[in-house]
Amino acid sequence: MSKAPKIRAAELRSLIEKYNYAYHVLDQPEITDFQFDQLFNELLDLESKYPELQSADSPTQRAGGPPLDKFEKVEHRQPMLSLQNAYSTDDILAFDERLKKALERDDDIAYACSPKLDGLALELIYEDGLLVGGLTRGDGRVGEDVLSNVKTISSIPLRLSSSKPPKLFEVRGEALMYKEDFRRLNETNDELGGQIFANPRNAAAGTLRQLDSKIAASRPLHFIAYGPGVLEGIAPKTQQQFESILAENSLPHLPMMGSIKDMKELTALAKKGKLPRFPALGFLAKNADEAKAYYEFINDIRGQLPFDIDGVVIKVNDWSLQDQLGFIARSPRWATAAKFQPEQAETEIEDIICQVGRTGALTPVAVMKPVKVGGVTITNATLHNQDEIDRKDVRIGDHVIVQRAGDVIPEVVEVVLDKRPNSAKPYLLPTHCPVCSEPVQKLDEEVKSRCVNPICPAILKNSLQHFVSRRAMNVDKVGDKLIDLLVDEGLVKTFSDLYRLNQETLLALPRMGEKSVTNILESLEASKHPSLARFIYALGIRFVGEQTAQTLADHFKSIDALKTADEDTLKDIEDIGPKVASSIVRAFKNQAFIKEISDLEAQGLQYQKGIVIPESEQKLKGLNIVVTGTLPKGREEVKQMITLAGGKSAGSVSKKTDYLLAGEAAGSKAEKAEKLGVKVINWDQFLELLN
Ligand code: IVH
């Protein structure tokens, strides 16, 4: 074999892992998804052409392999223990007192503090820098080897990045799913009739114990390291030093804050709802008082963290002191888990109201005396549906236990019957829609009642919000408030009405300036060339989420073909079940819906017909290209070429523009591009980008 492919493969691997780290660990992407995919595909090609180039640490391994029958059981070199629990700041001080006594010293002990992550414990084993094992905790002594799934976790390096990696490096941490990803996963699974998880922890556990690593690869798991297993060839002396070794090796962990002052700043930001997504969350406390302050700090901000936590872990920083302290039973004496109060609280129901969602579903909501649950004040909790209200026998005036689980909507767990006042009033869902007063219906087998009036303002507002959302038509300048206003003023009754808005009508709205009006109209204009999949998704057909929309677009290639498909044809498509099929057929039987689609087209909306480019082959994915001047093809056609290839085409040049495609007589846009340092390309260069 010539040397070049080997060198190129190594180069690609290191580049891919570098960008992967920037994206998944630092949360600071350095290249576009499109550029990333190109590198990745080049490596895949090389590895399939030269199988001898395949290796255990290649990023291509992250895609998952063939399903397993079962996981192998493997004994931990060193047992994975648990922690003693503390429940208050007093317990933290008592812990410190105990340690001082055991060590026979009065001077301060320094503690490495970190959030107690609520996922599941995972041990990674690196031998000579290569990831060779991934074990669950199991019973502490023997765990399961879930390496095939571990490799699919993008933030876990397949090879340590230090140039002289230790002979053996066992690192322990928590596998978890971010709250946002969890919500999205449940949403998608709900749509597709898949598994619904109770909380991010269960979702993470279910994913890590998947026998089919391709499924694991499709789910967004993360890993955050917090401690060592057996180490050979390195000997850190403190937890802080150990953490710098994690950092040197690109292992994701929660870095330490600079000083106690950072806590005050972060708390202030959190109060304003502006906590950065990944602030440094670890802390080296000089003494128990500082550890106590840390516990209170994390408790205050926990609701805003991207992942669930259930306390803080406080560890003696100095490993020689750890050795002196040793273990009691199955826990180290040198660490404690200071837990937060569970995310449940008692409060009183003042009223029960009924909300109407995008699909017309009626949801009863308890309005309660404000109560703090897990650091967040809540006033509303969902009661799901009438059956749930009846089952729990919830009445207005009742004292109830409410709970937040992960980031899901708070819910009423149970009624405190002892405290039920005589005046407590049972609740029945209305028989008429609380928004439009039309009678509601309960379709067979459904637990929810629905308003079925398609022009009900509640449904309309929600449908419009969905229509303009980022993953649908992506009209970023039309937000929820504007939609409320437009519907309330009677200016918008359908999707196509959005495109009928003009400067005059918008300017007449309260607090609306010329600049915002221009922005709104431009963003509507820029949204007129969606992919077919986005367009189908935007229409908001029940049970048709993003994935289903993509499947339908790939299969039918046009709305006209989809329109006439019958249930059997639809059911024959992989991933489309009877529920989804019948919902699609029902939607296209509705004349108003059909008319709306042609009205949208009449407003200049052109989804791509005929050709569909799968996302992985979209050459302009993520790129923002503004078009100006006279080109060999019409402006609209060029814009469509851009959107077809996954790009976006705004009306004006800004800092976000990647390229200005300039034809003859380009004018002011070209000047602006030059000023902003935006690259100007001509037609030939544009065609090159596309190929
Ligand atoms: S240190 C001897 N640090 O809590 C164990 N554990 O009850 C030392 N956990 O199984 C563990 N976040 O899965 C440590 N920042 C953190 C942690 C953490 C979560 C979990 C871990 C362990 C359990 C101990």
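As the structure lists them, so they are numbered: ligands from 1, and atoms in each ligand from 1. Worth knowing before you read on, the calculation uses all heavy atoms, side chains too, and leaves out hydrogens, waters and symmetry mates.
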Problem set entry | Contact check, G227 vs ligand 1, heavy-atom distance below 4.0 Å | no
Exercise. Do the side-chain N and O atoms of D96 and Y111 include a donor-acceptor pair separated by under 3.5 angstrom?
Worked result: yes
For this session: Could you say whether the N/O atoms of S114 and ligand 1 ever approach to under 3.5 Å?
Result: yes
For this session: Please say whether L120 places an N or O atom under 3.5 Å from an N or O atom belonging to ligand 1.
Result: no
Exercise. Angle class for the F283/Y294 ring planes (parallel below 30°, perpendicular above 60°, tilted otherwise)?
Worked result: parallel
Exercise. Can G119 be said to touch ligand 1, with heavy atoms closer than 4.0 Å?
Worked result: no
Problem set entry | Selection from T336, V313, L81 by shortest heavy-atom distance to atom 16 (C) of ligand 1 | V313
Problem set entry | Contact (N/O only, under 3.5 Å) between L83 and ligand 1 | yes
For this session: Check each heavy atom of P115 against ligand 1 and say whether those closer than 4.0 Å belong to the side chain, the backbone, both or neither.
Result: backbone
Exercise. Mind checking whether Y295 and F340 have parallel, tilted or perpendicular rings, split at 30° and 60°?
Worked result: tilted
Exercise. Do any nitrogen or oxygen atoms of K116 lie less than 3.5 angstrom from nitrogen or oxygen atoms of ligand 1?
Worked result: yes
Exercise. Closer than 4.0 angstrom: is that true for some heavy atom of K315 and an atom of ligand 1?
Worked result: yes
